[in-house]
Structure formats: C-alpha cells, structure tokens
Amino acid sequence: MTMKKALSIAGSDASGGAGIQADLKTLQELGVYGMTALTVIATMDPKNNWNHNVFPQDIKALEAQLETILSVGIDAMKTGMLGSVETIELVGRTIDENGLKNVVIDPVMVCKGTDEVLHPETAIALREILAPRATVITPNLFEAWQLAQTGPIQTIDDMKEAAVKIHELGAKYVLIKGGSKLNYDKAIDLLYDGIEFEILESEKIETAYTHGAGCTYSAAITAELAKGKSPKEAIYTAKEFITEAIRHSWKLNQYVGPVLHGAYKQFK
C-alpha cells in the first residue's frame, strides 16, 4: 500500500496537546503519513502556573530534518511555531527550492495562554516571507490583525477587511479563525479566496479546553490537501474535524485541556 505524506515544520509541545504532537495525531486520524521537522521545544512550568518556556533548536538540525523528509517526498506541508526570522527564511527557501505545493501556513505568534508576540520580528517575517507562499493561511483573530496591520478584530466586517489585506500579501486562501471569540451565537470562521467571502458557521461550544485547536485545524487542512482535495473541500472537512475535537475536549490538569484528536472518527 501507499500513503499520502505531509510535513509539519513546527514546535514540540511537551504536554502533548498542540504543536507537532497535535499535527501527527490529526494526520494519522485522517489517513495521512506525517513527518516532522522540529523548530522549538515548548515546556510548561507546573511550579509557576504553567508558564511557557521555549527552547529553539539549532538551525543546522532543522536543515538536516528537512533534507531527510524531502528526500522521501511530500504531498502537502504546514508550518506552526517557527520561532525566529532565520527559521522563517529557511522555510521560505525550502518551499521555493523544492517547488513545494499545498502549503498551509499557520502563523503562530504566541503560545495559547499568552497575549504577546513571542518575537515581534517574526511577525514581520511571516507577513513578508511565508504569507506570499501560502496556499492556505490560517490566522486566528490576533494573528490576522498582526498580519493585516489593521487593529483588533471584533466583527465579521473587521475579519473581511483583514482577509483582503492578507490576501493582497499573496496567500491564495485566507481562513481567519474567529471561533467562539466573537460576539455571535455561532462559532464563526471567515474564508476568502480573493473573489468572495464565505462564512463558516458551527455550533458555539462553551469550553475552556481548546489547547491545540489551531494546530489541529491547520493540520486537518494539510491532510485533506495531501489527499488531493481542493482548498475549499479541505477547509470544510477540517472545520467538521475541529468542531468535533472541541466538542469532546477534555481536562488534562488544572491548567489546560486539549481537544480530542480522535473525536471526528469516534463520534461523528
């Protein structure tokens, strides 16, 4: 047998709910063989309210990982936490030099539970280097206004304004993840392909346990692209996947609860 293959260039989440751990679980659930190139290791301090620490990996180690994976070949790829301008530049070169297709850029700028960009210069590099190379880019509300250079997003009209600006950077499809953060009865995401806006609605699930949701959503899109689906088809399936994952999310400890990556197959 053969399997479609996908690459995740992202960080490791020591608690297992996000990052490459979430990506591999999601890819496996959707029948895609996942490979990972590790950029940073994120840990959480149980003695200090689960505060995050980030340990960047050597750029030479990242290059070696990518060389290994690309010698095998991939059908789609995604990025997560990259952590430095140098890493973002390497990813941009890798996409160009290898003619990589089906590129999903999840422009991670903060760890969930924090509200400051880890390194402001990386936000600029994401905007200038990776957004133009994205088949699909998947910012949350905070990341969207950072990329669009507008202001905080509070309405669907704000989402539309940001989506246009991000599309103008070169991304083919812009998916802004509003989720349950906006003041609407439904969980709202906005998809823009440069021609029309599409509102993706789902049930608003009241839960504090959403650790890894963004990584999981973008990984599901990547999996479906690897299997040959169009970007819109991939996004529709991923929306269903993440909705079920959030619906069945669970408490890991007193600080955090991850989404359930197996929920789409187990309960859908």
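Everything quoted here is computed from the prediction, not taken from an experiment.
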With a 4.5 Å cut-off on side-chain heavy atoms, are [Y] and [X] touching?
X: Gln154; Y: Asn183; result: no
X: Pro231; Y: Thr135; result: yes
X: Leu27; Y: Lys25; result: no
X: Tyr255; Y: Met44; result: no
X: Ile156; Y: Ile199; result: yes
X: Tyr209; Y: Pro258; result: no
X: Thr155; Y: Leu182; result: no
X: Val164; Y: Tyr192; result: yes

Over 12 non-hydrogen atoms of neighbours within 6.0 angstrom of [atom1] in [X]:
X: Glu67; atom1: CD; result: no
X: Gln28; atom1: CD; result: no
X: Glu63; atom1: CD; result: yes
X: Asn48; atom1: CG; result: yes

Spatial distance of atom [atom1] ([X]) from atom [atom2] ([Y]) [nearest 0.5 Å]:
X: Met159; Y: Thr150; atom1: CE; atom2: OG1; result: 11.5 Å
X: Asn102; Y: Lys227; atom1: CG; atom2: NZ; result: 13.0 Å
X: Asp185; Y: Ser180; atom1: CG; atom2: OG; result: 12.5 Å
X: Ile242; Y: Thr216; atom1: CD1; atom2: OG1; result: 5.0 Å
X: Tyr173; Y: Asp193; atom1: OH; atom2: CG; result: 5.5 Å
X: Lys4; Y: Leu30; atom1: NZ; atom2: CG; result: 15.0 Å

Looking at every heavy atom in both [X] and [Y], which two are closest together, and how far apart are they?
X: Val32; Y: Ala223; value: CG2-O, 3.6 Å
X: Trp250; Y: Val259; value: NE1-O, 4.1 Å
X: Gly212; Y: Ala18; value: CA-CB, 3.7 Å
X: Gly92; Y: Ile129; value: CA-CG2, 4.1 Å
X: Ala6; Y: Thr222; value: CB-CG2, 4.0 Å
X: Asn98; Y: Leu70; value: ND2-CD1, 3.6 Å

So does [Y] get a backbone contact from the side chain of [X], meaning a donor-acceptor N/O pair under 3.5 Å?
X: Tyr184; Y: Lys186; result: no
X: Glu224; Y: Glu233; result: no
X: Gln57; Y: Phe55; result: yes
X: Ser202; Y: Thr243; result: no
X: Asp45; Y: Lys47; result: yes
X: Ser249; Y: Ala245; result: no
X: Thr36; Y: Leu38; result: no
X: Ser218; Y: Cys215; result: yes

Cluster overlap [X] with [Y], hydrophobic side-chain contacts below 4.5 Å:
X: Val256; Y: Ile20; answer: no
X: Val108; Y: Leu175; answer: no
X: Leu24; Y: Met81; answer: no
X: Leu191; Y: Val174; answer: no
X: Ile166; Y: Phe142; answer: yes

Looking only at side chains, do [X] and [Y] share a donor and an acceptor under 3.5 Å apart?
X: Asp106; Y: Tyr217; answer: no
X: Ser12; Y: Gln21; answer: yes
X: Asp13; Y: Ser15; answer: yes
X: Thr43; Y: His52; answer: no
X: Gln149; Y: Arg127; answer: yes

Report the C-alpha separation of Glu143 and Asn140 in whole Å, then their side-chain angles, then the decisive distance to 0.1 Å, and conclude whether the side chain to side chain contact (heavy atoms under 4.5 Å, CB included) test is met. CA-CA 5 Å; Glu143 292 157 353; Asn140 60 26; 3.2 Å; yes

Pair [X] + [Y]: basic N to acidic O under 4.0 Å:
X: Asp75; Y: Lys101; result: no
X: Asp96; Y: Arg133; result: yes
X: Lys78; Y: Asp23; result: yes

Check step by step if salt bridge (charged side-chain N to carboxylate O under 4.0 Å, His left out) holds for Glu203 and Arg247. CA-CA 9 Å; Glu203 175 188 351; Arg247 188 190 313 280; 2.6 Å; yes

Does the pair Glu168 and Lys165 meet the rule for a salt bridge (charged side-chain N to carboxylate O under 4.0 Å, His left out), with working shown? CA-CA 5 Å; Glu168 288 172 352; Lys165 291 182 180 297; 5.4 Å; no

Evaluate the criterion side chain to side chain contact (heavy atoms under 4.5 Å, CB included) for residue pair Leu252 and His211; output intermediate values, then yes/no. CA-CA 10 Å; Leu252 180 65; His211 184 56; over 6 Å; no

Compute both the distance and the angle, then confirm whether Lys5 meets the cation-pi test with Tyr33: under 6.0 Å from the six-membered ring centre, within 45 degrees of the axis. no

Would you sort out whether Met77 and Ile95 count as a side chain to side chain contact (heavy atoms under 4.5 Å, CB included), showing the intermediate values? CA-CA 9 Å; Met77 65 160 284; Ile95 292 169; 3.9 Å; yes

Applying salt bridge (charged side-chain N to carboxylate O under 4.0 Å, His left out), run through Asp189 and Lys239 and close with a yes or a no. CA-CA 9 Å; Asp189 301 329; Lys239 177 71 169 175; 2.8 Å; yes

Before giving the answer on side chain to side chain contact (heavy atoms under 4.5 Å, CB included), spell out for Thr26 and Tyr264 the whole-Å C-alpha distance, their side-chain angles and the decisive distance to 0.1 Å. CA-CA 10 Å; Thr26 300; Tyr264 181 74; over 6 Å; no

